[in-house]
Amino acid sequence: MGGRGRGSRSRTQRKHFRDGRENVWKRPKSDSASSDPNSNNNSENKTHWQPFATQNPAFDEYYKEQGIVTAEEWDTFVEALRTPLPAAFRINSSSQFCEDIKSQLENDFMNSLKAETTDGGEVEAIRPLPWYPDNLAWHSNFSRMQLRKNQTLERFHEFLKLENEIGNITRQEAVSMVPPLFLDVRPDHFVFDMCAAPGSKTFQLLEIIYQSTKSGSLPDGMVMANDLDVQRCNLLIHQTKRMCTANLIVTNNEAQHFPGCRADKNGSKASEMEIEPQISQLLFDRVLCDVPCSGDGTLRKAPDMWRKWNPGMGNGLHSLQIQIAMRGLSLLKVGGRMVYSTCSMNPVEDEAVVAEILRKCGGSVELVDVSSELPQLVRRPGVRKWKVRDKDLWLASHKDVSKFQRYHILPSMFPSGKSYVAPANKDLEHENGENAISEDEIQPTEDASTEDLMEEVSDLPLERCMRIVPHDQNSGAFFIAVLQKLSPLPAIQEKPSKKRNLFKKNPELQGKLLDQVTEDNSGLEPDSRDVAVEKNYEAATEADLIVDEPDEADMEPDPSNISNQDSEETKALVNGETDSGKAVGKRKLQLQGKWKGVDPVLFFKDESIINSIKMFYGIDESFPFDGHLISRNSDKNHVKRIYYVSKSVKDVLGLNFRVGQQLKIASIGLKMFERQTSREGTSTPCSFRISSEGLPVILPHITNQILYASSVDFKHLLQYKAIKFADFVDAEFGEKASKLMMGCCVIVMRDSKTMSGPTKVDASTIAIGCWKGRSNLNVMVTAIDCQELLERLSVRMEAEKGPSVQENKFNVDELQLNGASKVEESENTQLVADA
């Protein structure tokens, strides 16, 4: 995730995400047009699209010097980077159709596509990734054009699109699947994905948590997925929504300042809290720290990066990456594991960050050797020596950095991490001259060979890190380091820096510096924003202004002040009041209290509605309702949707209320019930229907409004969406359906072995929500869900070859006519789409 387009444009501040992003694939390759900020709006400068140039001399020089790969394999390495990235996808292990999909890939598509390969000789067959457990991840080498080339490939392409939309598979880059595997997640773990968008790794973490969970129950653990950008949060929500989980919270906080929600044991009043939390501080068993990065490991899928790449991209993100990683460790439980990862090959973003983390944490954090895990994954050990490039200069240690470079070239970027202070008399000489940098301090690259520089070698075990390079297993590039927290982090009290002292003496200088950073990074045209990456070392300087804060103490609010402070701020935010006179610096921690522009998160406690739901559906007492229902509407009389959360999420939410809602929650819980607003819906005993997302969780606990249909009738419901009671093949089923109460009902497909009576609900049970009208049943499932279920049923029926496969003579025209008449009778067309 690290690159994701963010690092490549230095999108490290909130204001950057408000800017639109051009479609690079439709951008003309015109240097003159690219250099002119107004050229995007000038039709005269537009040219036809041309392929991107897949070369960059600065890239070649940089990575040849860093020794990421040997000189002998350099040509192979670069050639791999210039070829398109093969497609990869992962089967959702928690899907009820997981084995069906795996069987279809192994027995159908592998054979048919292999035959196609033999005929054409242009593409290779799909295959499971050898290092991913249980053959759940697959690799293919088909481009979009190839997928549309003939009927066989087109069928495979449609299969991928449909199953991805449903959530049975996730299309994801192969190397992006690696970090969650090294986290060693268990079902009872609290997991934190710090920079989660677009959400493929979050989805993967949820799959792991659900692996050993029984049908109708929820795991004890949970996943908290965070991303700073609101738009990317929406993408994250859309991605994870396919999982249909009650064990997920999506937040929209800054990762480096993520609140720890440390509650005051004595400060909160019972009247201010919605529910008593079971936890007093937000700590995690596992943390995935996939930080924003320059993203040069994604060159194969984002070829426009070739023209944009420069060494300053990594330098500018270095400080932010350290801050995010340190915050992740402070939120990690002792004994917990954190994975730090990037999709960059740059040691300044990779090994240098890990080394600085280890230095800051002392012996409280260990770099774990995972070389024996996933043995079939080809990876290379981390490097222990590297150089830093600043514009045209190679720097081997902080001693080589000039006085005026030290604001953006930091000691932590070098292998030793040691800072160098120039002699005082040398500084005095600079004060007397206009040119502060002497020829002795900076030598041009042409005059100073990199061999003449005194190379530093880190004394830390950085070889325990791992780097995946493209030509080893035909993939993208990735960097991964596994860290374990052995003891609480030390209180990091750094010595006041010269910069701090200078700012104290001259506050105007600090203001000018911050203004300059703001000017350099805001108000830029899309083309100019790319140039800002080179200037991102100035943004790093701003980030350094807060690097002296103790990681665990200063980042947390004072527990003794939480109660009073939160209540005042909450009232101010609710009333829309702000006090500009109390404004502080740009890097103050985010305000505690309710968040403007975000729907509130409230525990739903309307007993009349809850009791009507329980009675209508006959939900047994074993299903926990108290404290598990959530609404996002402050108007209790107009709640449209009711969400369900697991116990772990409930505890975190209770803690968040207790500390004044420090978490900015964008999405939470699983949509369980939805109010039916149609005319017919408002006249039913229960105005809330069960959503298709929440049905699998509540299905084992429903005793009323539930029927068991034969496979033939179930299939007909999916095909025709509405059937009159008298038109069902099984007349007894039609009669039972007519006797149901008006409103939502659940139709379960009977097992072929159980010809009558209830079917035991398990992981293989297939059920849908329907609406019982005056004369018919109307399916409340989206068209794409119906299509997927029909395809899955067809595959199962063909495999079983049971009597139900034989077509019972059923008048299709009559069914369609009945469906049309049903719409006229019930006026309930809104029920077809389950939003």
Side-chain angles (χ1 to χ4, degrees), residues 94 187-193 196 199 202-203 205-207 209-210 213-226 233 236-237 240-252 261 263 273-279 282 284-285 594-595 598-607 609-610 613-614 619 621-634 636 639-659 661-675 688 690-701:
S94 64
D188 62 337
H189 280 167
F190 279 47
V191 185
F192 183 29
D193 192 350
T202 304
F203 199 102
L205 293 169
L206 287 166
E207 289 178 30
I209 280 184
Y210 270 83
T213 304
K214 295 180 181 179
S215 176
S217 61
L218 298 173
D220 295 329
M222 57 87 67
V223 175
M224 182 170 289
N226 178 71
C233 257
L236 170 61
I237 293 167
T240 54
K241 184 181 179 182
R242 302 174 303 130
M243 184 69 188
C244 299
T245 175
N247 296 65
L248 172 69
I249 301 177
V250 177
T251 58
N252 184 213
C261 299
M273 295 170 51
E274 293 278 352
I275 192 168
E276 183 69 27
Q278 301 297 315
I279 53 178
L282 188 58
F284 299 92
D285 301 280
K594 296 181 180 179
W595 299 90
V598 178
D599 291 334
V601 178
L602 305 168
F603 284 101
F604 185 76
K605 295 183 177 182
D606 191 325
E607 293 297 331
I609 292 179
I610 294 174
I613 291 173
K614 284 183 178 180
I619 300 172
E621 295 300 324
S622 62
F623 187 75
F625 267 98
D626 188 26
H628 290 264
L629 298 180
I630 302 294
S631 72
R632 302 300 301 268
N633 190 344
S634 56
K636 297 180 180 179
V639 172
K640 293 183 178 180
R641 300 174 186 88
I642 302 175
Y643 299 86
Y644 189 83
V645 296
S646 66
K647 182 183 181 302
S648 53
V649 171
K650 181 188 77 168
D651 290 343
V652 172
L653 190 54
L655 174 65
N656 189 43
F657 278 116
R658 189 175 179 181
V659 298
Q661 301 188 50
Q662 296 178 22
L663 298 175
K664 185 179 180 183
I665 297 176
S667 175
I668 186 170
L670 172 67
K671 185 171 69 174
M672 183 66 74
F673 304 107
E674 190 161 13
R675 186 186 294 274
F688 281 83
I690 301 173
S691 74
S692 58
E693 296 98 319
L695 181 57
V697 174
I698 203 171
L699 179 61
H701 306 276

Worksheet item: For Leu248 and Met243, what are the C-alpha separation, side-chain angles and deciding distance, and is it a side-chain contact (heavy atoms from CB on, under 4.5 Å)?
Response: CA-CA 10 Å; Leu248 172 69; Met243 184 69 188; over 6 Å; no
Discussion item. Quick check: do Val598 and Lys664 have side-chain heavy atoms less than 4.5 Å from each other?
Written reply: yes
Worksheet item: How many angstroms lie between atom CG of Asn226 and atom CD1 of Ile249, to the nearest 0.5 angstrom?
Response: 11.5 Å
Worksheet entry | Note, Leu663 side chain near Met224 side chain (heavy atom, < 4.5 Å) | yes
Worksheet item: Taking the six-membered ring for Trp, are Tyr644 and Phe623 ring centroids under 6.0 Å apart?
Response: yes
Discussion item. Determine whether Leu629 and Ile610 satisfy the following criterion, side-chain contact (heavy atoms from CB on, under 4.5 Å), listing intermediate values before the conclusion.
Written reply: CA-CA 9 Å; Leu629 298 180; Ile610 294 174; 3.9 Å; yes
Discussion item. So does Pro219 get a backbone contact from the side chain of Asn247, meaning a donor-acceptor N/O pair under 3.5 Å?
Written reply: yes
Worksheet, complete the sentence: Distance col, row Ser94:OG vs Phe203:CZ, nearest 0.5 angstrom, shows 6.0 Å
Item to complete: Quick one: closest heavy-atom pair of Ala263 and Val659, and the distance?
Response: CA-CG1, 3.7 Å
Worksheet item: Can any side-chain N or O of Asp599 pair as donor or acceptor with the backbone N or O of Asn633 at less than 3.5 Å?
Response: no
Discussion item. For Lys650 and Phe603: C-alpha separation, side-chain torsions, deciding distance, then whether side-chain contact (heavy atoms from CB on, under 4.5 Å) applies.
Written reply: CA-CA 9 Å; Lys650 181 188 77 168; Phe603 284 101; 4.0 Å; yes
Fill in: NZ on Lys640 to CZ on Arg675, rounded to 0.5 Å
9.5 Å
Item to complete: Start with the C-alpha distance between Phe673 and Ile698, add both sets of side-chain angles, then the distance that settles side-chain contact (heavy atoms from CB on, under 4.5 Å), and finish with yes or no.
Response: CA-CA 10 Å; Phe673 304 107; Ile698 203 171; 3.7 Å; yes
Worksheet entry | Atom of Phe657, atom of Leu602 and distance for their closest heavy-atom approach | CZ-CA, 4.3 Å
Worksheet item: In Å, rounded to the nearest 0.5 Å, how long is the span from CD1 of Ile237 to OG1 of Thr240?
Response: 7.0 Å
Worksheet item: Going by heavy atoms in the side chains, are Ile630 and Val649 under 4.5 Å from each other?
Response: no
Item to complete: Run the numbers on Phe192 and Phe284 for ring pair (Phe, Tyr, Trp, His ring centres under 6.0 Å), then give the verdict.
Response: CA-CA 6 Å; Phe192 183 29; Phe284 299 92; 4.8 Å; yes
Worksheet entry | Candidates Asp651, Val652, Ile209 - the one meeting side-chain contact (heavy atoms from CB on, under 4.5 Å) with Phe190 | Val652
Discussion item. Quick check: closest heavy atoms across Ile642 and Phe604, and the distance to 0.1 Å?
Written reply: CD1-CE2, 3.6 Å
Practice prompt. Name all residues meeting the side-chain contact (heavy atoms from CB on, under 4.5 Å) criterion together with Asp188; count only those two or more places apart in sequence or in a different chain, and write none if there are none.
Written response: Arg186, Asp220
Worksheet, complete the sentence: Heavy-atom nearest pair, Gly669 first then Val645, reads CA-CG1, 3.7 Å
Worksheet item: Think Arg632 forms a cation-pi with Tyr643, using NZ or CZ under 6.0 Å from the six-ring centre and within 45 degrees of its axis?
Response: no
Worksheet item: What are the two closest heavy atoms between Ser648 and Gly221, and how far apart are they?
Response: OG-O, 3.0 Å
Worksheet item: Which distance, rounded to the nearest 0.5 Å, do you find between the CG of Leu670 and the NZ of Lys241?
Response: 10.5 Å
Worksheet item: Which heavy-atom pair separates Thr202 from Ala225 by the least distance, and what is that distance?
Response: CG2-CB, 3.7 Å
Discussion item. As an exercise, state the distance from CG of Leu205 to CE of Met222, rounded to the nearest 0.5 Å.
Written reply: 12.0 Å
Practice prompt. Mark yes when over 12 heavy atoms from residues, nucleotides or ligands other than Glu607 sit less than 6.0 Å from its CD; otherwise mark no.
Written response: yes
